[in-house]
Amino acid sequence: MRNLFAFLFRYRGILVFALLEVLSVYLLIRNSAYQRAAFFNSANAYAGQLLEWRTQVSEYFELAQVNQSLAAENAALRQRLYLSDLGRRVADSLPIRRDSLAQVRLLRTGRPDSLVLGNQALSNNDPSYPLIPARVVNNSLRDVDNYLTLNVGTLDQVQPGMGVLAASGIVGRVQSVSEHYARITSLLHSKTAISAKIQRDGTFGSIKWQGDDPTHALLDYIPRQNKLVRGDTVITSGYNATFPEGVMVGTIDTFTKEPDKNFWTVRVRLAVNFSNLTYVYVVRSRPQAERDTLETHTGTVVGGGKR
């Protein structure tokens, strides 16, 4: 307490001067409408600037959460681009009773809300390819066999074999999964092959990486009699249930004829820039098990017939 009194006594002149200044400003603002308006305008400007700085700081620390919410929203929107295989079935190819409510609904809308195959109703609005947003936490580019690590796992319903997309195109497939992470076999992998087609004429081929340039891959099995155009778009074919049909793969950059081959050597510029991947989407294909069961069973029967 003695030190406080000593401090006040020592700086009494400065403290009294400051107190009188504050009192003078207060009286000036209170008794003058013009000064009061000028003071509050200036105060509001400074307060607004301080609040803006505070908002910018708080928004900076909330960027991770905002990015996650945007990725989830993008996944929901992008999911609408990939139509269900069931939604493409034509209603008039199925028997519909004349006196049924479904017939009236068909006349009004042009297609029914659901299609009945046997005793099971299949919804047209049920998407075949739900998307799970994920963040890339590790990525390699310089190896012959490259991998990515995502921050989603079995708790997010991610399973091995699922496809991975970016906003611009194909990324790869899920190789292995833990509870919270997934390891992805990149498109830049020597053993990765993606069924693709040229959008202009529908010619099918297979996308494979050669192990050298992370911006290009080869499109194999394009017959030499086909006419190719530089810049043609290459998309997924839909033959593999891992990826929806029509997802961007890249564009044709160059093509040459090899004298000892019956196919073009087509070099495709990949749509995805693997050097700056941040957010991707894992594709959950619902009809995968059904397709695998059917194709395996069919393959067994055909194989037995050959024998």
Side-chain angles (χ1 to χ4, degrees), residues 71 74-75 77-83 88 128-129 131 133-134 136 139-148 162-174 184-259 261-283 285:
N74 287 338
L77 295 174
R78 185 168 294 276
Q79 182 175 323
R80 299 181 183 180
L81 299 176
Y82 308 132
L83 300 178
R88 297 178 180 178
S128 295
Y129 297 96
L131 302 180
V136 178
N139 185 12
S140 62
L141 293 175
R142 303 175 181 177
D143 301 328
V144 176
D145 297 329
N146 294 288
Y147 298 90
L148 300 93
M162 290 182 175
V164 180
L165 310 175
S168 52
I170 295 293
V171 174
R173 289 192 183 93
V174 178
I184 311 303
T185 302
S186 172
L187 181 58
L188 308 181
H189 191 286
S190 62
K191 296 183 180 179
T192 297
I194 304 295
S195 178
K197 65 180 180 180
I198 301 174
Q199 187 176 30
R200 177 175 51 83
D201 58 9
T203 303
F204 293 95
S206 180
I207 288 288
K208 295 181 180 180
W209 189 55
Q210 292 301 103
D212 50 359
D213 184 359
T215 64
H216 287 79
L218 290 185
L219 177 61
D220 289 337
Y221 310 121
I222 303 298
R224 292 181 62 174
Q225 62 267 23
N226 284 43
K227 294 183 179 180
L228 299 179
V229 177
R230 184 178 181 184
D232 273 351
T233 300
V234 180
I235 59 177
T236 53
S237 65
Y239 278 10
N240 190 313
T242 302
F243 298 105
E245 180 182 354
V247 181
M248 184 70 173
V249 177
T251 56
I252 294 179
D253 196 6
T254 61
F255 49 91
T256 56
K257 287 184 178 180
E258 302 293 340
K261 294 182 180 179
N262 294 324
F263 302 98
W264 286 98
T265 299
V266 184
R267 191 171 174 84
V268 176
R269 178 177 294 276
L270 299 176
V272 174
N273 184 356
F274 285 86
S275 63
N276 61 359
L277 276 179
T278 303
Y279 282 95
V280 295
Y281 306 97
V282 181
V283 185
S285 176

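The main-chain N or O of F274 is found under 3.5 Å from a side-chain atom of N139 such that the two form a donor-acceptor pair. Panel note: side chain S186, backbone G172; no donor-acceptor pair is recorded below 3.5 Å. Judged purely by atom type and a 3.5 angstrom limit, W264 uses its side chain to pair as donor or acceptor with the backbone of R224. Under the 3.5 Å distance criterion, the side-chain polar atoms of D253 are left unmatched by any main-chain donor or acceptor of R267.
At least one side-chain heavy atom of W209 sits less than 4.5 Å from a side-chain heavy atom of N146. Looking at V136 and T278, their side chains never come closer than 4.5 Å, going by heavy atoms from C-beta outward. The side-chain heavy atoms of L187 and V272, taken from C-beta on, include no pair separated by under 4.5 Å. Two residues are said to be in side-chain contact when any heavy atoms from C-beta on lie closer than 4.5 Å; S168 and N273 fail this criterion.
Judged purely by distance below 3.5 Å, without hydrogens or angles, the side chains of S195 and S237 pair a donor atom with an acceptor atom. Under 3.5 Å, the side chains of D220 and S206 contain no donor-acceptor pair of N or O atoms.
Here the OG1-CD distance, from T251 to Q199, works out to 11.5 Å after rounding to the nearest 0.5 Å. In this structure, CE in M162 is found 11.0 Å from CG in L131, a value given to the nearest 0.5 Å. Here I194 contributes atom CD1 and L219 contributes atom CG; the two are 12.0 Å apart, rounded to the nearest 0.5 Å. Atoms CG and CG, on D201 and D232 in that order, are 7.0 Å from each other to the nearest 0.5 Å. Annotation: the span from K191 atom NZ to D145 atom CG amounts to 7.0 Å, rounded to 0.5 Å.
Open room surrounds CG on N262; 12 or fewer heavy atoms of other groups in view lie less than 6.0 Å from it. The environment of F204 atom CZ is dense: over 12 non-hydrogen atoms of other residues, nucleotides or ligands sit within 6.0 angstrom.
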Practice problem: Please lay out, stage by stage, how I235 and K197 fare under the test side chain to side chain contact (heavy atoms under 4.5 Å, CB included). | Solution: CA-CA 6 Å; I235 59 177; K197 65 180 180 180; 3.8 Å; yes

Exercise. Check the pair L270, L188 against side chain to side chain contact (heavy atoms under 4.5 Å, CB included), reporting the backbone distance first and the verdict last.
Key: CA-CA 10 Å; L270 299 176; L188 308 181; 3.8 Å; yes

Quiz prompt | Trace of the side chain to side chain contact (heavy atoms under 4.5 Å, CB included) decision for I252 with V229 | solution = CA-CA 7 Å; I252 294 179; V229 177; over 6 Å; no

Exercise. For side chain to side chain contact (heavy atoms under 4.5 Å, CB included), just list the numbers for L228 and I198, CA-CA rounded to whole Å, side-chain angles, deciding distance to a tenth of an Å, and then say yes or no.
Key: CA-CA 9 Å; L228 299 179; I198 301 174; 3.5 Å; yes

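K227 approaches R200 most closely through the heavy-atom pair O-NH2, 2.8 Å. Here the closest heavy-atom approach between residue L141 and residue S275 is recorded as CD1-CA, 3.6 Å.
Shown are I170, T242, L165, I207; of these, the side-chain contact (heavy atoms from CB on, under 4.5 Å) with T236 is made only by I170.
H189 and Y147 have perpendicular rings, their planes meeting at more than 60° on a 0 to 90° scale where under 30° would count as parallel.
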